[in-house]
S.K.: 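Below you'll find the structure I mean.
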Amino acid sequence: MAGRKPKPTAVKKLEGNPGKRKLNTKEPVPAKGMPACSDWLMPEAKKEWERLAKLMNQMGVLTEVDMAAFAAYCQSYARWKEAQEHITSVGSTFETDKGYQQQTPWVGIANTNQKLMLQASSEFGLTPSSRSRIVAGNGKAKETEDDMKKAVKKAGTQARKDIQENAPVKTGAYAKSWAAKTTKETANAMEIVVYSRNRYQLAHLLEFGHALRKGGRTRAFPHIAPAEERAAQTLDREVEKALR
């Protein structure tokens, strides 16, 4: 029976080897040159490459031989984002000739590419939880860990405030329902969740709109996805600053 896929040694070292297992000293170590961005990638994929490549190379988890795997992540991200933007624009369902509401193919495209994106990102230890655990392997490890936690807290707080400030004006109670809480914290890891305490169903309806019985859709008020994207950018900047 197949077991859990082993993490690359570089990722284990950056995480501080939390399992304290013996590291594979015979793992092939390619040269640390940074791969060139592929011309055939979608424009949004190239932006994602530009956003992460340098930082990942500095951490030692991206080398020239990893071009294809990283390109797969970036391309899946671009297609996932494209599908999500389409869903935000026109909705996740459409009305059939018989008057039934049916899910658009864009939802399947979004789900498929989200899965592919997360699978590819896990190869580099860049899923949301693992990224918050990565620390620099140098003499300032404790200081770096604290800075990383501060970065996660800052991003979470920013996301909460951003959502509250951009929530539809007539739903004051809804804006106040948003909170950020720490769901996990260890010596070198922290996870923060930003959520609506008691208006989570309304959050989905406001973000994407919904179909009306007599046809058409209500207006969507995208305020969660933009806040998430800005918070992710803040986290990347703070993480890069902590690793210098």
S.K.: Does Glu50 pair with Lys46 as a salt bridge, N-O distance under 4.0 Å?
M.R.: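 Between Lys46 and Glu50 there is no salt bridge, as every charged N stays at least 4.0 Å from the carboxylate O atoms.
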
S.K.: Donor-acceptor pair, distance only, cut-off 3.5 Å: does the side chain of Asp66 make one with the backbone of Thr63?
M.R.: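 Yes, the answer is positive, given that a donor and an acceptor are paired below the 3.5 Å cut-off.
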
S.K.: Which pairs would a plain distance check flag for residues 152-160, meaning a side-chain donor or acceptor within less than 3.5 Å of a matching protein atom at least two apart in sequence or in another chain?
M.R.:
residue, atom, partner, partner atom, Å
Lys154, NZ, Glu238, OE2, 3.2
Thr157, OG1, Lys153, O, 2.9
Gln158, OE1, Thr234, OG1, 2.6
Gln158, NE2, Arg230, O, 3.4
Gln158, NE2, Thr234, OG1, 3.2
Arg160, NH1, Gln164, OE1, 3.1

S.K.: Does this structure show an ion pair linking Lys149 with Glu185, if we count only N-O contacts that are shorter than 4.0 Å?
M.R.: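 So Lys149 pairs with Glu185 through a salt bridge.
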
S.K.: Is any side-chain heavy atom of Thr182 less than 4.5 Å from a side-chain heavy atom of Glu191?
M.R.: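 Of all side-chain heavy-atom pairs linking Glu191 with Thr182, none is under 4.5 Å.
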
S.K.: Restricting to salt bridge (charged side-chain N to carboxylate O under 4.0 Å, His left out), what partner residues turn up for Glu207, sequence neighbours left out?
M.R.: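 Checked Glu207 against salt bridge (charged side-chain N to carboxylate O under 4.0 Å, His left out); zero matches.
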
S.K.: Who passes side chain to side chain contact (heavy atoms under 4.5 Å, CB included) against Gln102, sequence neighbours left out?
M.R.: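 Side chain to side chain contact (heavy atoms under 4.5 Å, CB included) check on Gln102 returns Phe94, Thr96.
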
S.K.: Tell me, do Phe70 and Leu52 make a side-chain contact under 4.5 Å, heavy atoms counted?
M.R.: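 Contact flag for Phe70/Leu52 side chains = yes.
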
S.K.: Linking Ile, Leu, Val, Met, Phe, Trp and Tyr by side-chain heavy atoms under 4.5 Å, what else ends up with Trp106?
M.R.: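 Noted: Trp106 shares its cluster with Ile87, Val107, Ile109, Phe208.
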
S.K.: Under the salt bridge (charged side-chain N to carboxylate O under 4.0 Å, His left out) test, which residues partner Arg217, sequence neighbours left out?
M.R.: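 Arg217 satisfies salt bridge (charged side-chain N to carboxylate O under 4.0 Å, His left out) with no residue once adjacent residues are dropped.
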
S.K.: Residues sharing Val193's hydrophobic cluster, by side-chain heavy-atom contacts under 4.5 Å among ILVMFWY, directly or via others?
M.R.: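 Grouped by the 4.5 Å side-chain rule, Tyr195 form the rest of the cluster around Val193.
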
S.K.: Check the pair Glu48 / Tyr73 against side chain to side chain donor-acceptor pair (under 3.5 Å), numbers first and verdict last.
M.R.: CA-CA 9 Å; Glu48 183 69 356; Tyr73 160 76; 2.5 Å; yes

